[in-house]
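Only heavy atoms go into these numbers, but all of them, side chains included; no hydrogens, no water, no symmetry mates.
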Amino acid sequence: MNYLGLRFDPIDMDGACAILRSRMGDDAYAYMVTPNVDHVVRLAELPTTSIEWNAYRQADWCLCDSRVLSLFATADGVPLPVVPGSDLTANLFGSILSAGDRLCIIGGHAGDPARLIARWPGLDIVQYIPPMGLRHDAEAREQAARFAATSGARFILLAVGSPQQELIATAIGRQPDARGTALCIGASLDFLVGRERRAPRWMRRMALEWLHRLWVNPRRMWRRYLPAGPRMLRLRWRYRHGVRHGS
């Protein structure tokens, strides 16, 4: 399905979990992206030839992370199933990973592997914390990609924010030893290890998780959510009136 310039795969949560369950550590490398409104709005302001666009186009699976984006798409005649990235990451740990599986984390905090193993004993977790400024540091992204490609992990969790994580996902694919599956997970580890709390389930069902995160952390989140609203409405208007990107 194509919406707002992105190709989305019409896969729901059960389908996404089935894909991950079938993926092993020695499989040919593949990666999954889960764009939300913030991602779509940012991409719309970039040339379609940019490395950020390329990172989404090259993804093996592109799933809709946002209930808000899904509501807009459905209203525009493009029914997009929702696969929230944080829920998918929780399902990965809760029902897909097995004892002995190796997991590679790019990003997060230094204590995350120990906290995760305390909840899910038997996992083998390696971690690489890259420096700040990844978005504009191609060599730092390559170093992170090399670590991931040589980790021997069944799954690689890219937890460095967007678009850095999508750019690293693409860079891993250029490594000759790359195997397994990378997931661009944003802040999902923060919820799993208890640094942040998810919105109540009723708010998630009503597409109000963004409001909860804005309320809990306004200083950090207002730059993401408040400007994105008018930009998303403008982007939808252009889509519905057939105005091509860059026109």
Side-chain angles (χ1 to χ4, degrees), residues 9 11-34 59-63 65 81-130 141 143-162 164-166 168-199 201 204 209:
D9 294 296
I11 298 171
D12 61 11
M13 180 63 76
D14 288 341
C17 288
I19 289 170
L20 297 183
R21 200 168 284 113
S22 71
R23 297 284 299 172
M24 296 294 121
D26 57 356
D27 287 343
Y29 174 72
Y31 70 95
M32 181 180 289
V33 296
T34 53
D60 296 271
W61 305 280
C62 181
L63 311 182
D65 171 77
V82 181
V83 183
S86 294
D87 292 338
L88 182 60
T89 306
N91 285 333
L92 176 73
F93 280 89
S95 64
I96 296 172
L97 288 166
S98 301
D101 278 340
R102 171 162 280 207
L103 192 67
C104 174
I105 297 174
I106 304 295
H109 293 246
D112 287 350
R115 295 186 182 97
L116 293 168
I117 291 172
R119 288 191 63 184
W120 293 281
L123 294 180
D124 178 11
I125 303 178
V126 296
Q127 182 184 33
Y128 176 80
I129 301 178
R141 296 196 301 268
Q143 290 177 6
R146 285 194 290 271
F147 181 92
T150 59
S151 67
R154 181 182 176 190
F155 293 104
I156 302 163
L157 302 186
L158 301 171
V160 292
S162 184
Q164 300 82 234
Q165 58 196 17
E166 290 81 14
I168 293 174
T170 309
I172 296 171
R174 296 193 293 266
Q175 304 295 316
D177 299 326
R179 294 290 186 274
T181 307
L183 290 80
C184 299
I185 67 166
S188 297
L189 293 182
D190 291 339
F191 303 120
L192 285 181
V193 303
R195 266 192 302 275
E196 294 188 23
R197 295 183 63 182
R198 293 288 303 275
R201 193 174 297 275
R204 287 181 254 163
E209 188 164 13

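Applying the salt bridge (charged side-chain N to carboxylate O under 4.0 Å, His left out) test to pairs two or more places apart or on separate chains, those with a residue in residues 171-189 are E142-R174. Sequence neighbours left out, the pairs with a member in residues 86-117 that pass ring-ring contact (aromatic ring centres under 6.0 Å, His included) are F93-W120. Under the side chain to side chain donor-acceptor pair (under 3.5 Å) criterion, the residue pairs touching residues 95-106 are D101-R154, R102-D124, with sequence neighbours excluded.
Residues P84 and M13 meet the side-chain proximity criterion, which asks for heavy atoms closer than 4.5 Å.
Not counting sequence neighbours, T34 has no partner by the side-chain hydrogen bond (donor to acceptor under 3.5 Å, both in side chains) test. By the salt bridge (Lys or Arg N to Asp or Glu O under 4.0 Å) test, D9 pairs with R7, sequence neighbours left out. Contacts of R146 classified as salt bridge (Lys or Arg N to Asp or Glu O under 4.0 Å), with partners at least two apart in sequence or in another chain: E139. Under the rule for a side-chain hydrogen bond (donor to acceptor under 3.5 Å, both in side chains), R119 has no partner lying at least two apart in sequence or in another chain. Evaluation of the side-chain contact (heavy atoms from CB on, under 4.5 Å) rule for D60 yields A30, Y31 as partners, not counting sequence neighbours. Remark: A144 pairs with I106, Y128, I168 by the side-chain contact (heavy atoms from CB on, under 4.5 Å) rule, at least two apart or across chains. With sequence neighbours excluded, the residues that form a side-chain contact (heavy atoms from CB on, under 4.5 Å) with Q164 are L134, R135, V160. Contacts of S188 classified as side-chain contact (heavy atoms from CB on, under 4.5 Å), with partners at least two apart in sequence or in another chain: S86, T89, I185.
In this structure, the separation between CD1 on I11 and CH2 on W61 is 8.5 Å, given to the nearest 0.5 Å. Rounding to the nearest 0.5 Å gives a distance of 10.5 Å between CG of L157 and CD of Q127. I156 CD1 to T181 OG1: the interatomic distance, rounded to the nearest 0.5 Å, is 8.0 Å. In this structure, CG in L103 is found 9.5 Å from CG in L183, a value given to the nearest 0.5 Å. Taking CD1 from I117 and CD1 from I125, the interatomic distance works out to 4.5 Å, rounded to the nearest 0.5 Å.
The heavy-atom pair separating A148 from C104 by the smallest distance is CA-SG, 3.9 Å. Closest approach of P121 to A99, counting heavy atoms only: O-CB, 4.4 Å. Residues F155 and R23 share a closest heavy-atom pair of CZ-O, 4.1 Å. Q165 approaches G186 most closely through the heavy-atom pair OE1-N, 3.1 Å. Between A16 and L88, the closest heavy-atom pair is CB-CD1, 3.9 Å. The shortest heavy-atom contact between S22 and D27 is O-OD2, 3.8 Å.
In this structure, the side chain of D65 engages the main chain of G85 through a donor-acceptor pair within 3.5 Å. A donor-acceptor pair under 3.5 Å links the side-chain atoms of Y29 to the main chain of A169, judged by distance alone.
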task = Go through L123 and L116 one step at a time and tell me if the side chain to side chain contact (heavy atoms under 4.5 Å, CB included) criterion holds.
result = CA-CA 8 Å; L123 294 180; L116 293 168; 5.7 Å; no

task = Please test N91 against L20 for side chain to side chain contact (heavy atoms under 4.5 Å, CB included), starting from the C-alpha separation and ending with a verdict.
result = CA-CA 10 Å; N91 285 333; L20 297 183; over 6 Å; no

